[in-house]
Amino acid sequence: MIPVSYNVRNLTVRKTTSIAAGLGLALVVFIVAAVGMLNNGIKKALGKTSDPDIAIVLRKGSDVELSSSIEEPNVGLVMATPGVSRGEDGRPLGVGEVLVVVLLDKVGTDGFSNVQVRGVPDNVLAFRKDAKIIEGRAAKPGTDEVIIGKGIRGRFKGVELGQSFELRKNRSVNVVGVFEDGGTSYESEVWGDRNVVSSAFGREGLVSSVRVRLDSPSKFDAFKASIEGNRQLNLEAFKDSEYYEKQSNGLSIFITSLGTVIAFFFGVGAIIGAMITMLAAVSNRQREIGTLRALGFSKFSIVTSFLFESVLLALAGGILGALASLALSIVKISMLNFTAWSEIVIAFEPDAKSIGSALFVACVMGILGGLFPAIRAARMNPIQAMRA
Amino acid sequence: MNVASIGMRNIWRNKTRTILTVLGGAVAVLAFVLLRTVIWAWNVGAEYAAKDRLGTRHKVSFILPMPKRYVETVRQVPGVTQATWANWFGAKDPRHPNEFFATLAVDPESFLQVYNEAKVSPADQERWMQDRKGAIVGDVLARKLGVKVGDKVTLQGTIYPGDWEFNVDGIYEATAKSIDRSQLFFHWAYLNETLPERRKDMVGWITSRVNNPEQSANVSAAIDKIFDEKDVQTTTMSEHAMNNSFMAMFSAILKALDIVSIIILLIMMLILGNTIAMGVRERTREYGVLRALGFSRGHVRSFVLGEALTVGILAGAVGLGLSYPIVQLGMGRWLEENMGAWFPYFRLNAGTAALAVGVSILLGAVSAIIPALQASKLSVVDALRRVG
């Protein structure tokens with residue numbers, strides 16, 4: 001076995017070319033990790049983290065909250081269904097909400113974009129355990145006060161603490177608080193009083209969806225059966241987490257396929273870069289390789305040694321790229337949510353899987369880039385190599 | 001033999017390395033061209049929008065309808081030649097649940113006048129006008145759903161619940177890229193008569209044609225001014241402006257692609273620079289001999305520069321040659337047919353091609369700067385003494 005320190009010293013002695021090849025690899029790892037982190041952010045924003053015991057009820061046939069409508073008397077029926085958990089005051093844990101979309105002017109550009117406005121009942125903060133007011137205060141029920149998610153804060157005209165914007169002409173609402181909700185897409189929404197929102201949109205007596213907390217996730221099947229069994233209701237029940245996962249799929253597939261194509265091209269470029277570096281290393285060290293062979297090191301140990309060197313180079317670059325990608329976690333980008341045609345704000349969320357897979361890609365690139373030069377080194381005739 | 005051609009000859013000294021470098025550079029150029037084409041195609045989608053068509057929608061939210069009598073008002077506005085209206089009818093074909101397409105309820109007669117780039121044969125048109133439950137389907141969608149004239153399709157409404165049966169009375173083709181060929185249009189009257197009283201006679205948006213595209217901003221303002229004092233206010237803009245604002249919602253992705261396309265150039269520069277630097281290092285002694293023979297520092301610099309430029313140009317040419325069939329025949333055709341709403345026109349444009357070639361020449365030159373300076377700076381004695 002050729003000592004490891006031999007490879008380390010070889011890499012450091014040829015600084016410029018090692019750095020050039022390593023930087024190329026680092027860029028690839030950076031991209032792979034960034035795509036992974038962005039995907040993670042999308043999943044988080046679009047609710048993979050929703051509690052498993054939450055169920056959502058929509059009108060049958062409407063895939064999304066925006067196109068669903070449920071008559072208010074039916075909200076009570078849904079909440080009275082067996083399996084729905086009850087709070088300490090004996091009230092069922094559930095919310096019937098109205099979801100609408102308004103067009104608002106963006107701050108900083110002359111464009112505009114759609115923003116989701118959710119009309120919520122007074123127990124919404126009790127129902128969504130992770131939602132917390134981080135600045136200002138909760139809105140008073142029955143008034144034109146609203147709270148805004150921290151994701152859209154300051155991105156649209158009037159969407160800022162202490163300011164106001166119009167739901168429709170002469171129907172302005174005042175922002176009294178900012179809330180956070182664990183990075184989910186709720187943070188890109190405005191929450192106002194249900195009756196105020198529904199009357200501004202001419203939807204009195206209708207809600208878009210009903211969410212309930214079940215006694216346990218295992219109660220879902222029975223709950224679904226009893227909701228859908230009542231044909232008169234014409235409703236459908238989903239697990240909240242599955243509903244959101246379905247919504248995030250389009251965006252997630254789009255980002256992943258774009259990222260994969262880009263990473264593929266980058267990868268090919270970086271493999272070639274590593275190969276050039278390793279080939280040069282082999283031809284420069286012909287004499288050394290000949291000597292090693294003459295000393296009795298087998299062809300196999302030469303191949304392993306060069307492969308190891310190349311993987312080492314790739315990993316060094318990879319770690320650099322991965323570290324750089326962590327800096328992205330302070331970056332937030334706004335993107336269109338395909339299902340609601342409104343903007344959501346997504347952060348790059350680092351996790352072990354995205355960093356790990358990026359480093360794995362680095363190893364594969366090191367092996368692919370080093371294999372051919374390593375074989376070439378091993379096949380040298382020791383006598384001729386020493387003479388060179 | 002001139003000085004630069006000596007540099008060019010040097011590239012054949014290490015064939016494997018040169019081939020690898022050209023290949024690596026070519027992959028980078030290919031990726032660059034693909035990314036730039038995506039960005040270009042995305043923006044050009046808006047350019048293909050009809051400039052003489054205006055869209056009027058509810059000011060607050062696209063989910064809110066407007067009274068149908070507004071259409072008549074719009075028709076009276078000076079500069080407007082014709083107006084039509086439509087409702088978004090969300091639907092999916094249960095046999096193809098993953099196929100997303102737009103289904104619109106339209107007024108057939110005025111629709112075909114305003115959207116005159118949708119071509120339907122006179123016989124089909126006649127049949128559609130007479131058939132209350134009739135629909136026309138874009139040729140691309142017809143192929144995807146496997147329907148032909150005379151078939152019946154049953155769609156599941158997502159906004160208007162239930163099963164809706166339509167007769168396929170005709171297939172439309174497009175004479176311009178400004179209309180998506182995967183849509184389904186049916187009689188608005190058929191939808192309207194099924195609605196309850198309070199939702200009757202409401203339209204999703206109004207599309208009008210103006211006689212002078214230059215005046216479209218003024219006509220838009222005039223339309224909005226009329227409705228400003230009514231109970232429902234409107235936002236009117238040209239189709240061109242609407243597409244632009246829609247595309248702007250993806251600006252984060254476009255910006256990311258922009259950055260990535262620059263990073264790929266950095267990788268290419270690293271590969272090129274690495275190769276050139278290695279060659280220079282190996283030939284230090286030769287350069288010493290040349291200098292001793294009386295060649296100036298400038299000569300040595302041009303040797304290195306000539307070598308780098310040749311490799312850069314080769315890489316650019318090969319990369320462009322590879323990207324042509326991929327963009328033009330493979331990816332372009334697929335995107336135009338399957339994502340026509342997003343990429344109505346996905347082709348390699350001359351600007352991108354020229355940019356790619358220019359960039360590879362530039363990168364060749366830039367990557368040669370450091371090695372060229374190093375080679376020319378060496379004193380003759382040092383260079384001759386150097387053990388390569």
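We name chains A, B, ... by the order of the sequence lines, and we start the count at 1 in each one.
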Salt bridge or not for [X] and [Y], using N-O below 4.0 Å?
X	Y	value
A:Glu228	A:Lys60	no
A:Asp105	A:Arg155	no
B:Glu307	B:Arg283	yes

For [X], which atoms come within 4.5 Å of any heavy atom of chain A: side chain, backbone, both, or neither?
X	result
B:Arg199	neither
B:Leu23	both
B:Lys92	side chain
B:Ile370	neither
B:Thr21	both

Where on [X] is there a heavy atom nearer than 4.5 Å to chain B: the side chain, the backbone, both, or neither?
X	result
A:Leu279	side chain
A:Val117	neither
A:Ile31	side chain
A:Phe165	neither
A:Leu167	backbone

At a heavy-atom distance under 4.5 Å, which candidate from [options] has the highest pair count against chain A?
options	result
B:Leu266, B:Asp228, B:Thr275	B:Asp228
B:Leu34, B:Leu20, B:Asp231, B:Asn14	B:Leu20
B:Gln233, B:Met269, B:Arg17	B:Gln233

| field | B:Glu165, CD atom: more than 12 neighbouring heavy atoms under 6.0 Å | value |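 Buried by this count: over 12 neighbours within 6.0 Å.
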
| message | For the NZ atom on B:Lys200, are there more than 12 heavy atoms of other groups (residues, nucleotides or ligands in this structure) within a distance under 6.0 Å? | response |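 Count over threshold, so yes.
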
| request: Heavy-atom pairs under 4.5 Å with chain B are the metric here; pick the option from A:Ser68, A:Gly202, A:Ser67, A:Ser69 that has the most. | output: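 Sorted descending by pairs with chain B, the first entry is A:Ser67.
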
| Can you find a side-chain donor-acceptor pair between A:Ser199 and A:Arg171 that sits under 3.5 Å? |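 Yes, a side-chain donor-acceptor pair sits under 3.5 Å.
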
| field | Spatial distance of atom CZ (A:Arg59) from atom CG (A:Asn234) [nearest 0.5 Å] | value |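 One gets 7.5 Å once the value is rounded to the nearest 0.5 Å.
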
| query | CG/B:Leu191 to OG1/B:Thr103 distance, rounded to the nearest 0.5 angstrom? | reply |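 Taking CG in B:Leu191 and OG1 in B:Thr103, the distance rounds to 11.5 Å.
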
| Should the ring pair B:Phe89 and B:Trp164 be called parallel, tilted or perpendicular, given that the plane angle runs from 0 to 90° and is split at 30 and 60? |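 Correct class here is perpendicular.
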
